[in-house]
Amino acid sequence: MTGHHEPGAGTGGFPPPGADSSSIPAMAAEDERAVEEALALVASNRPDRGVRPGEREPSAPGSSAAHSPAPCSPAPGSSAPDSPASHSPLPRSPAAVPSPPSRPRRSRARATPWEEARALAARAGRDFPVAAHRLPLDRALGHVLAEALRALTDLPSFDTSAMDGWVVAGPGPWTVREGEGLLAGHGAPGALPDGEAVRIATGARLPADATAVIRSEHAHIDESKGLLYAQREVVPGQDIRPRGQECRTGDELLPAGTLVAPAVLGLAAAAGYDALAAVPRPRVDVLVLGDELLTSGLPYDGLIRDALGPMLGPWLRALGGEVGEPRRLGDDAAALRHALTTSDADLVVTTGGTAAGPVDHVHPVLADIGAELLVDGVDVRPGHPMLLARLPSPGPYVVGLPGNPLAAVSGLLTLAEPLLRGIAGRTAQDPYRALVHDEVQGHPHDTRLVPVVHRAARGGGLDHVVPLHYNGPAMLRGIAAADGLAVVPPGGVRSGTEVEILDLPWASAMPWTEGCFT
Ligand SMILES: Nc1nc2c(c(=O)[nH]1)N[C@H]1C(S)=C(S)[C@@H](COP(=O)(O)OP(=O)(O)OC[C@H]3O[C@@H](n4cnc5c(N)ncnc54)[C@H](O)[C@@H]3O)O[C@H]1N2
Ligand code: MOO
C-alpha cells in the first residue's frame with residue numbers, strides 16, 4: 001500500500017539530494033537518532049565526510065550483461081488472468097483511504113537477528129515433509145537428488161584403451177597381428193600373447209594380458225619384418241584405463257541433496273541410471289498486493305508499475321521453486337485470505353502489506369487464519385518487516401516480502417532462499433567472503449544487505465567487490481547491475497574488510513530453470 005513515507009529520506013545527516021537518500025532504510029525515530037550519531041562518528045573519522053562510500057564508486061558498466069533475460073521468460077508486463085489491478089486499477093482518492101486500524105504497532109523486540117532468521121528458515125524447510133519421486137533422466141534437470149547417487153557399475157566397466165594406437169603384450173619389438181583391430185563397442189577380444197601387438201581404438205576393450213597401449217604417433221612398423229617398434233620408453237599400464245578406475249559398483253558418486261545439473265545427468269547415465277530419485281521442486285504461489293500497481297505502461301496519478309511480479313517468478317525458479325504466474329490481489333483482505341487458505345502450494349510468497357499501514361493486511365489475515373509466525377521482522381536493512389509463517393497443517397509456509405522492491409529482494413534471500421533450499425533438500429553452499437573496496441556504512445543495530453559487483457584484481461591488487469549506488473529500499477537500479485549482495489554487519493565495514501557475499505542465482509536460472517522443464 002501507499003501512504004507512509006520513509007522517515008530516513010532527506011533527514012539531516014543523511015545523504016544529500018541526488019545521492020541515495022534511502023540507502024539507510026526507513027526506521028523508527030530512535031533508530032534514526034542512533035544512525036545519525038553513528039554517521040557523525042564515521043564522518044568525523046573520514047576525510048570525505050558527508051559523502052557515502054558507494055557514491056564514490058561508479059556503478060559497474062557492463063555488469064548488467066549477467067542479467068540478460070532468460071530465453072524462456074514470460075513476456076514482461078504480461079498480466080495474470082486473475083488480476084483485479086491489472087488493467088483498471090481502482091480509482092482512489094484521499095477519501096477512499098481507510099482509516100488506520102486500531103491494532104498496535106508491532107514492536108521491534110520481536111525481530112529476529114539476520115543469521116538466526118536464515119537458519120530458522122532453512123530448518124523450517126528441512127522440517128517440511130516431502131516424498132521423493134523417480135524422474136526419467138530427461139526430466140530430472142534442476143531437481144535435487146533425494147538419495148545418494150551410487151554407481152550401478154564399475155567405471156570404466158572393462159579395461160579399455162585411452163588412445164588410438166597399438167596394444168602390446170610383453171617387451172618389444174612386437175609382431176603385428178595383420179588384418180586385426182579392436183574397436184570400441186565390441187565384445188571381449190582373445191588374450192594377447194607376449195611379443196604381439198594389435199591395432200586398437202580409443203574405448204575398445206583390452207585383450208587379457210595386455211601390457212600397455214602405444215599411441216599411433218609413438219610407434220612405427222618395419223613393414224619388411226612385420227614388427228612394431230616403440231619410439232619412446234613403454235611404461236606398463238600406459239594409456240590403459242583399468243576397470244573401476246573412476247568408481248566401483250556401489251561407490252557414492254554424489255550425496256543426496258545435490259542439484260541435478262547437466263553433468264550430473266551425464267554421470268548418472270554413465271553409471272547406469274535411467275531415472276533418478278528426486279525431491280519434487282517446491283511449488284510456490286506468488287501473491288502481489290497493492291491497489292497502486294499497474295502491469296503495463298507508464299506510472300500515472302500515483303499508480304506505479306508492479307516491479308515484483310515480473311521479478312519474483314524467475315528469481316524463485318532460480319532458487320529451485322516451481323512457480324505459477326503472480327496473482328495480483330490489490331489491497332483486499334478477503335482476497336488474500338481466500339488465496340492463502342485455498343493454496344495448494346508448499347510456499348506462498350506475498351509482496352507488500354507487511355507493515356502496519358491502513359491497508360497492510362498480511363499480519364491481520366495471518367492472525368485471523370491461525371498462522372504461526374516463525375519470523376516476524378528481521379534485524380536487516382532493507383527488508384526488516386519481512387516475515388515467515390506456517391499456516392495450520394497441511395497449509396503452506398508463507399514468506400511475506402515487504403513491498404519496497406529491494407526490501408523484497410532482501411526478504412527473498414533471507415527467508416525464501418533458505419526455506420526453499422530446505423524443502424528441496426538442497427545442500428547449502430559454503431558461505432564465501434570477499435574484500436570490499438570502499439567503506440560501507442552500516443546500520444547501528446541491524447545487518448545491511450548491499451548490492452555489489454565483483455571486480456577482478458588489477459595492478460597488483462586483489463579481487464574484490466564494490467558497493468553499488470542506488471541501494472535504497474525502493475530502488476532496483478543497484479541490484480539490477482549487481483552480481484551479489486554484501487552482508488554488512490552492524491556498524492559497517494572499512495575498505496579492505498572481508499564481508500560475506502550472497503550470490504545471485506543467475507547461473508542456475510538460465511535458461512533451463514525458466515519454464516523449460518517438464
Ligand atoms: N510507520 C512505519 N511505516 C513503515 C515502516 C515502519 O517501520 N514504520 N517500515 C517501512 C518499511 S522498512 C517498509 S519495507 C515498508 C513495508 O511496507 P509493506 O510491506 O506494507 O509494503 P507496502 O506499504 O505495501 O509498500 C511499500 C512501498 O513499496 C511499493 N510497492 C509495493 N508493492 C510493489 C510492487 N509490487 N512493485 C513496486 N513497488 C511496490 C509501494 O507502492 C510502497 O511505496 O513499510 C515502511 N513503512
Ligand atoms: O527499508 Mo524497508 O527495510 O524498505 O524494508
Side-chain angles (χ1 to χ4, degrees), residues 1-9 14 20-32 35 77 79-80 83 85-86 89 92 97 100-101 103-108 110-111 114 286-295 299 301-313 315 326-333 336 349-366 376-387 399-415 443 445-450 471-477 479:
M1 50 69 61
T2 50
H4 47 243
H5 68 203
E6 292 167 352
F14 285 89
D20 175 6
S21 60
S22 46
S23 299
I24 300 296
M27 57 194 77
E30 73 272 21
D31 289 342
E32 230 181 307
V35 172
S79 57
S83 158
S86 294
R92 288 166 312 125
V97 176
R103 62 183 183 272
R105 272 200 57 71
R106 288 176 306 284
S107 108
R108 259 188 67 80
R110 271 202 262 161
W114 182 77
V286 176
L287 307 179
V288 175
L289 313 183
D291 283 345
E292 72 274 31
L293 303 176
L294 298 165
T295 55
D301 282 352
L303 302 170
I304 59 166
R305 283 293 294 276
D306 167 22
L308 297 177
M311 177 171 90
L312 288 179
W315 202 314
R327 297 172 61 199
R328 295 178 176 90
L329 302 183
D331 285 315
D332 180 340
L336 175 60
V349 174
T350 63
T351 69
T354 59
V359 290
D360 288 337
H361 298 306
V362 175
H363 279 93
V365 167
L366 287 176
D376 187 11
V378 175
D379 294 331
V380 66
R381 305 291 168 140
H384 74 91
M386 67 179 76
L387 62 88
V399 167
L401 301 177
N404 278 328
L406 191 62
V409 169
S410 167
L412 202 58
L413 293 182
T414 301
L415 297 176
H443 184 274
H445 320 293
D446 295 352
T447 300
R448 271 189 84 200
L449 299 182
V450 179
N471 53 29
M475 299 178 182
L476 289 173
R477 193 168 162 185
I479 189 73

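By convention here, the first residue in the shown sequence is residue 1. Just follow the structure's listing: the first ligand is 1, and inside any ligand the first atom is 1.
Ligand-side atoms of ligand 2 in range of Asn404: 4 (O), range being under 4.0 angstrom from any heavy atom. Close contacts of ligand 1 with Asp360, meaning ligand atoms under 4.0 Å from a residue heavy atom, involve 20 (O), 23 (O). Close contacts of ligand 2 with Pro473, meaning ligand atoms under 4.0 Å from a residue heavy atom, involve 1 (O), 4 (O). Counting atoms of ligand 2 from 1 in the listed order, those under 4.0 Å from a heavy atom of His384 are 3 (O), 5 (O). Within the listing of ligand 1, atoms 31 (C), 40 (C), 41 (O) sit less than 4.0 angstrom from a heavy atom of Glu292. Heavy-atom contacts of Arg305 reach the following atoms of ligand 1: 36 (N), 37 (C) (cutoff under 4.0 Å). Of all the atoms in ligand 1, the ones that sit under 4.0 Å from a non-hydrogen atom of Asp306 are 34 (C), 35 (N), 36 (N). Less than 4.0 angstrom separates some heavy atom of Pro385 from each of these atoms of ligand 2: 5 (O). With ligand atoms numbered from 1 in the order given, ligand 1 contributes 34 (C), 36 (N), 37 (C) to contacts under 4.0 Å with heavy atoms of Ala307.
Taking each heavy atom of Leu289 and Val362 in turn, the nearest pair found is CD1-CG2, 3.6 Å. Asp332 and His361 get closest at one heavy-atom pair: N-CD2, 3.9 Å. Here the shortest heavy-atom pairing between Pro310 and Arg328 reads CD-NH2, 4.1 Å. In this structure, Pro382 and Pro473 approach most closely via the heavy-atom pair CB-CB, 3.7 Å. Leu401 and Ala408 get closest at one heavy-atom pair: CD2-O, 3.5 Å.
With rounding to the nearest 0.5 angstrom, the CG atom of Asp360 is 7.5 Å from the CG atom of Asp331. A distance of 10.5 Å separates CG of Leu293 from CG of Leu329, quoted to the nearest 0.5 Å.
Across Leu449, Ile479, Val450, a single residue satisfies side chain to side chain contact (heavy atoms under 4.5 Å, CB included) together with Leu406, and that is Ile479.
Ligand 1 has no N or O atom lying under 3.5 Å from any N or O atom of Val288, backbone or side chain. Taking any N or O of Gly383, backbone or side chain, at least one lies under 3.5 Å from an N or O belonging to ligand 2. For ligand 2, none of its N or O atoms has an N or O atom of Arg381 under 3.5 Å away. The shortest N/O to N/O separation between Leu293 and ligand 1 does not fall below 3.5 Å. An N or O contact shorter than 3.5 Å links Gly403 to ligand 1 by distance. Checked by distance only, ligand 1 and Thr351 stay at 3.5 Å or farther apart across all their nitrogen or oxygen atoms.
The shortest separation from a heavy atom of Gly353 to ligand 1 is under 4.0 Å, placing the residue in contact.
When the side chain to side chain donor-acceptor pair (under 3.5 Å) test is applied to Thr414, the partners found at least two apart in sequence or on another chain are Trp114.
For Val362, no heavy-atom contact with ligand 1 is shorter than 4.0 Å.
For the residue pair His363 and Asp376, a side-chain donor N or O sits within less than 3.5 Å of a side-chain acceptor on the partner.
Judged by distance alone, with hydrogens and angles left aside, the side-chain atoms of Asp301 form no donor-acceptor pair with the main-chain N or O of Leu303 at under 3.5 Å.
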